[in-house]
Amino acid sequence: MLREPRNISQYLDQSLFCVSGAKAVSGDGQDLKGGVRRKNLAVFISGGGSNFRSIHQAILKGSVQGEIVVLVTNKPGCGGADYARDNNIPVILFSNMKEKPDSLSADDLVTTLRRYKVDFILLAGYLKLIPLELVRAYSRSILNIHPSLLPAFGGKGYYGMKVHQAVIASGARYSGPTIHFVDEHYDTGRILAQRVVPVLANDTANELAARVLQQEHQLYVEVAEALCEERLVWREDGVPLIRNKINPSDYN
Ligand SMILES: Nc1nc2c(c(=O)[nH]1)N[C@@H](CN(C=O)c1ccc(C(=O)N[C@@H](CCC(=O)O)C(=O)O)cc1)CN2
Ligand SMILES: NCC(=O)N[C@@H]1O[C@H](COP(=O)([O-])[O-])[C@@H](O)[C@H]1O
């Protein structure tokens, strides 16, 4: 684990608001195990949902102290929605109104997520722009995983295989997943976590995608664990950090 760089001390002071160690109680006032309330998660997908499944499996294994209380998708027939239904996770249709007039409005979605007592929203292959109403309602509580080292190869038009094709065409020697907070634009929110993989000279886009996806699954589970254990802190300059589980004075 990286030790705190010497100059980080100028940032890390009482201005940090770190919720880890805070005495938390559940909605019914019960102080749960370790003093940290189990977190309610909403996951947004548009496709197969392998990141969603990885997080759900980690919850079942007990490493993520949370519960996926609802799955949101603009593709109700997608593989991830089938997995959710097979695992008794409620599925909600949400897309922009142009695409599906019978979809929930943004305000109705916020109301619905509040009803499920959602604490955090995890985007995992959701391919539509999250509206400002939701970004504002869940400030500093929406994360997204992107399959490149942002800020490179991000923004409108950069999703799925298009990202890996662009990385290979650019001649970049490294790529990897980024997990970032979501703001009103595509892929411009604060970066929380990244991992690096090599781009090989003869890589196809599918080979690179598979290498990145393997790291995505591990990274998103690590981040979900930290989120649910309240180990996220915000540096004075607005950069989010993850406290190391073993050495709380270190950051991942
Ligand atoms: N407000 C935000 N919404 C979303 C973000 C975000 O950072 N802020 N991240 C995306 C996920 N994403 C990259 O990580 C992403 C997804 C989709 C696109 C895109 O160009 N989509 C196309 C439509 C694709 C389709 O419908 O098949 C488009 O908008 O024209 C870019 C980046 C999730 N939402
Ligand atoms: N820009 C957004 C984007 O491209 N997201 C990417 O979609 C894939 C979803 O896979 P999954 O449905 O198997 O989790 C993942 O590789 C994720 O990084």
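Note that ligands are numbered from 1 as they come in the structure, with each ligand's atoms numbered from 1 the same way. Index from 1, following the sequence.
Atom 13 (O) of ligand 2 has its closest protein heavy atom at S50 OG, 2.5 Å. Scanning the protein for heavy atoms near atom 8 (C) of ligand 2, the closest one is G125 CA, 4.3 Å. Looking only at heavy atoms of the protein, atom 3 (C) of ligand 2 is closest to P147 CD, 3.6 Å.
Looking at H180 against ligand 1, only its side chain comes within 4.0 Å, counting heavy atoms. With a 4.0 Å cut-off on non-hydrogen atoms, Y158 touches ligand 1 through its backbone and not its side chain. Under 4.0 Å from ligand 2, not a single heavy atom of Y186 appears. Contacts of Y186 with ligand 1, taken as heavy-atom pairs under 4.0 Å, involve both backbone and side chain. The proximity of V182 to ligand 1, defined as any non-hydrogen pair under 4.0 Å, is limited to the side chain.
Taking a 4.0 Å cut-off on heavy atoms, N74 fails to register as neighbouring ligand 1. Residue-ligand proximity: G155 is placed with a non-hydrogen atom under 4.0 Å from ligand 1. In this structure, I145 has a heavy atom closer than 4.0 Å to ligand 2. Distances shorter than 4.0 angstrom do not occur between any heavy atom of G189 and any atom of ligand 1.
Tracing side-chain contacts under 4.5 Å through hydrophobic residues (I, L, V, M, F, W, Y), one never reaches L123 starting from L127; they form parts of separate clusters. In the hydrophobic clustering of ILVMFWY residues, with side-chain heavy atoms under 4.5 Å counting as a link, Y158 and I45 come out apart. When hydrophobic clusters are built by joining Ile, Leu, Val, Met, Phe, Trp and Tyr residues whose side-chain heavy atoms come closer than 4.5 Å, directly or via intermediates, V163 is grouped together with V212. Hydrophobic cluster membership is shared by F120 and V221, with clusters built from Ile, Leu, Val, Met, Phe, Trp and Tyr side chains linked at under 4.5 angstrom. No continuous path of hydrophobic side-chain contacts links L213 to L208 [ILVMFWY only; heavy atoms under 4.5 Å].
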- Message: Is there a side chain to side chain contact (heavy atoms under 4.5 Å, CB included) between I59 and E67? Walk through the geometry before answering.
- Response: CA-CA 7 Å; I59 289 172; E67 181 184 355; 5.5 Å; no
- Message: Before you tell me yes or no, could you show the steps for N144 and D187 under side chain to side chain contact (heavy atoms under 4.5 Å, CB included), namely the whole-Å CA-CA distance, both residues' side-chain angles and the distance that decides it to 0.1 Å?
- Response: CA-CA 8 Å; N144 177 57; D187 303 330; 3.7 Å; yes
- Test side-chain hydrogen bond (donor to acceptor under 3.5 Å, both in side chains) on S148 and H146 and set out the steps. CA-CA 6 Å; S148 76; H146 180 78; 3.1 Å; yes
- Task: Give the C-alpha distance, both sets of side-chain angles, the deciding distance and a yes or no for side chain to side chain contact (heavy atoms under 4.5 Å, CB included) between N74 and F94.
- Result: CA-CA 5 Å; N74 62 318; F94 179 70; over 6 Å; no
- Stepwise, does the side chain to side chain contact (heavy atoms under 4.5 Å, CB included) test hold for V199 with V167? CA-CA 8 Å; V199 181; V167 168; 4.0 Å; yes
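When each atom of ligand 2 is checked for a heavy atom of H146 under 4.0 Å away, the hits are 1 (N), 18 (O). Short contacts between ligand 1 and D183, defined as distances under 4.0 Å to a heavy atom of the residue, involve ligand atoms 1 (N), 2 (C), 8 (N). Less than 4.0 angstrom separates some heavy atom of Y159 from each of these atoms of ligand 2: 1 (N), 4 (O). Taking a cut-off of under 4.0 Å to the non-hydrogen atoms of E216, the atoms of ligand 2 that pass are 15 (C), 16 (O), 17 (C), 18 (O). For ligand 1, the atoms closer than 4.0 angstrom to any heavy atom of E184 are 1 (N). In summary, the atoms of ligand 2 found under 4.0 Å from a heavy atom of G160, numbered by their order in the structure, are 3 (C), 4 (O). Residue contact check: Y158 has heavy atoms under 4.0 Å from atoms 1 (N) of ligand 2. Below 4.0 Å from some heavy atom of G157 lie the following atoms of ligand 1, by number and element: 19 (C), 20 (O). Of all the atoms in ligand 1, the ones that sit under 4.0 Å from a non-hydrogen atom of N144 are 9 (N), 11 (C), 13 (C), 14 (O). Heavy-atom proximity to H146, at under 4.0 Å, picks out these atoms of ligand 1: 13 (C), 14 (O). Listed by atom number, the atoms of ligand 1 under 4.0 Å from K156 heavy atoms are 20 (O), 28 (C), 29 (O), 30 (O).
Note: no N/O pair closer than 3.5 Å links T188 and ligand 1 by distance alone. Considering backbone and side-chain atoms alike, D187 places every N or O at 3.5 Å or more from each N or O of ligand 2. Between G49 and ligand 2, at least one N/O pair is under 3.5 Å apart. Any N or O atom pair closer than 3.5 Å counts here, and Y126 shares no such pair with ligand 1. Backbone and side-chain nitrogen or oxygen atoms of V135 are examined, and none is located within less than 3.5 angstrom of a nitrogen or oxygen of ligand 1.
Side chain to side chain, S105 and D108 meet the donor-acceptor criterion of an N or O pair below 3.5 Å. No side-chain N or O of S175 forms a donor-acceptor pair with one of H164 less than 3.5 Å apart.
Remark: of the listed residues E222, E229, E225, E229 is the sole one forming a side chain to side chain donor-acceptor pair (under 3.5 Å) with K245.
The cationic atom of R235 (NZ for Lys, CZ for Arg) does not lie both less than 6.0 Å from the six-membered ring centre of Y251 and within 45° of the ring axis.
Other residues, nucleotides and ligands place more than 12 heavy atoms under 6.0 Å from the CD atom of E207. Within 6.0 Å of CZ in R85 there are more than 12 heavy atoms belonging to other residues, nucleotides or ligands.
Nearest-residue assignment for atom 25 (C) of ligand 1 (options K162, K128, H185; heavy-atom criterion): K128.
A salt bridge links R211 and D203; the closest N-O separation between the charged side-chain nitrogens and carboxylate oxygens is under 4.0 Å.
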